[in-house]
Amino acid sequence: MFSLPAAAAILAAYLLGSLSFAVLVSRTMGLADPRSYGSGNPGATNVLRSGNKKAALMTLLFDALKGYLPVLAVVLFGARWGLAPTVAAFVGLAAFVGHLWPVFFRFQGGKGVATAAGALLGLNPALGAAVLAVWLLVAFTTRYSSLASIAAAFCAPLVQALVWGVDLSMLAIVGMSLLLVWRHEGNIRKLLAGTESKIGQKAAPAASHTKASAHPPRHLHTSQPKSGHGRKGHRK
């Protein structure tokens with residue numbers, strides 16, 4: 001299954017996945033780096049915490065496309081290069097891994113929800129739509145993006161196995177699901193503690209780098225009048 005063209009396709013998908021659009025879109029629109037506020041995650045949900053819905057939507061779209069396009073390319077044109085259909089699943093996994101550990105951003109990436117969804121839509125539109133429906137249902141019911149993502153991650157391999165059966169592509173789907181849940185480990189702890197942020201919740205103000213002094217500078221103290229001066233009205 002794995003040949004030189006397959007390796008090239010997987011490498012190209014990884015490099016495309018390494019483009020962190022949360023950071024790129026924020027820079028282009030003059031916004032703060034999404035890694036510097038909120039959860040610190042370079043993804044659409046955290047960009048939304050900046051209050052800029054357009055930037056969040058663009059991030060979501062581009063992150064999904066970088067998973068969708070390379071998979072779709074293999075599905076449509078892979079046969080010309082001798083690529084087996086299951087190679088498309090591993091191309092999607094490569095794009096997803098690129099988002100998690102982007103070579104262009106010091107291997108500090110996001111959680112890959114949108115990229116995984118795009119990869120599944122390219123691989124099997126019906127599977128992608130089913131997983132997306134699960135995400136939307138949980139997200140709109142609970143307002144927790146992380147919980148919706150975890151639920152969708154569990155459903156992806158289950159739906160694939162029940163409806164379309166088990167083949168080599170399941171390895172890639174299970175791999176994405178496990179990595180996605182693992183990347184939400186911190187969110188799981190917050191959910192259990194009741195401290196997880198909800199969708200649309202504004203980011204907390206960044207901590208000031210300069211703390212105000214507890215005591216005003218000496219030169220700002222009001223001078224006290226010396227004894228015997230300016231007290232004419234109190235003389236006996």
When rounded to the nearest 0.5 angstrom, what is the spacing between CG in Leu60 and CG in Leu65?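 Separation between the atoms: 9.5 Å.
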Taking side chain to side chain donor-acceptor pair (under 3.5 Å) as the cut-off, I'd like each qualifying pair that reaches into residues 170-185, sequence neighbours left out, listed once.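 Of all non-adjacent pairs touching residues 170-185, those that pass side chain to side chain donor-acceptor pair (under 3.5 Å) are Glu185-Arg189.
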Sequence neighbours excluded - side chain to side chain donor-acceptor pair (under 3.5 Å) pairs with any residue from residues 11-30: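 Counting only pairs at least two positions apart or across chains, no side chain to side chain donor-acceptor pair (under 3.5 Å) contact touches residues 11-30.
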Heavy-atom check, side chain of [X] versus side chain of [Y], under 4.5 Å:
X: Ser146; Y: Ile188; result: no
X: Leu191; Y: Leu147; result: yes
X: Trp135; Y: Ser145; result: yes
X: Pro34; Y: Val23; result: yes

Taking only distance into account, with no hydrogens and no angle test, what donor-acceptor pairs under 3.5 Å do side-chain atoms of residues 102-125 form with protein atoms, sequence neighbours excluded?
residue : atom : partner : partner atom : Å
Lys111  : NZ   : Asn187  : OD1          : 2.5
Thr115  : OG1  : Asp63   : O            : 3.0
Asn124  : OD1  : Ala126  : N            : 3.1
Asn124  : OD1  : Leu127  : N            : 3.3

Name all residues meeting the side-chain hydrogen bond (donor to acceptor under 3.5 Å, both in side chains) criterion together with Ser169; count only those two or more places apart in sequence or in a different chain, and write none if there are none.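 By the side-chain hydrogen bond (donor to acceptor under 3.5 Å, both in side chains) rule, Ser169 matches Asp167.
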Partners of Asn41 by side-chain hydrogen bond (donor to acceptor under 3.5 Å, both in side chains), sequence neighbours excluded?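 side-chain hydrogen bond (donor to acceptor under 3.5 Å, both in side chains) list for Asn41, sorted by chain: empty.
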Hey, what else clusters with Leu57 if you join Ile, Leu, Val, Met, Phe, Trp, Tyr whenever side-chain heavy atoms sit under 4.5 Å?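 Leu57 clusters with nothing; isolated.
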Using a 4.5 Å cut-off between side-chain heavy atoms of Ile, Leu, Val, Met, Phe, Trp and Tyr, which other residues end up in the same hydrophobic cluster as Val174?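 Grouped by the 4.5 Å side-chain rule, Val166, Met170, Leu178 form the rest of the cluster around Val174.
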Pairs of donor and acceptor atoms involving the side chains of residues 150-163, under 3.5 Å and at least two apart or interchain, shall be tabulated with distances.
none

Are [Y] and [X] linked, directly or through intermediate hydrophobic residues, by side-chain heavy-atom contacts shorter than 4.5 Å (ILVMFWY only)?
X: Val74; Y: Leu171; result: yes
X: Phe77; Y: Tyr68; result: yes
X: Met29; Y: Leu61; result: yes
X: Val138; Y: Leu180; result: no

CH2/Trp81: more than 12 non-hydrogen atoms of other groups inside 6.0 Å: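 No, the 6.0 Å shell around CH2 holds no more than 12 heavy atoms from other groups.
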Residues 88-101 side chain polar contacts: donor-acceptor under 3.5 Å, at least two apart:
residue : atom : partner : partner atom : Å
His99   : ND1  : Lys66   : NZ           : 2.9

Partners passing ring-ring contact (aromatic ring centres under 6.0 Å, His included) against Phe21 (at least two apart in sequence or in another chain):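 Only Phe62 meet the ring-ring contact (aromatic ring centres under 6.0 Å, His included) criterion with Phe21.
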Could you list the residues that satisfy salt bridge (Lys or Arg N to Asp or Glu O under 4.0 Å) with Asp33, not counting sequence neighbours?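 Arg35.
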Taking side chain to side chain contact (heavy atoms under 4.5 Å, CB included) as the definition, give me every residue that meets it alongside Ala32, ordered by chain and number, with sequence neighbours left out.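 Side chain to side chain contact (heavy atoms under 4.5 Å, CB included) list for Ala32, sorted by chain: Ser36, Tyr37.
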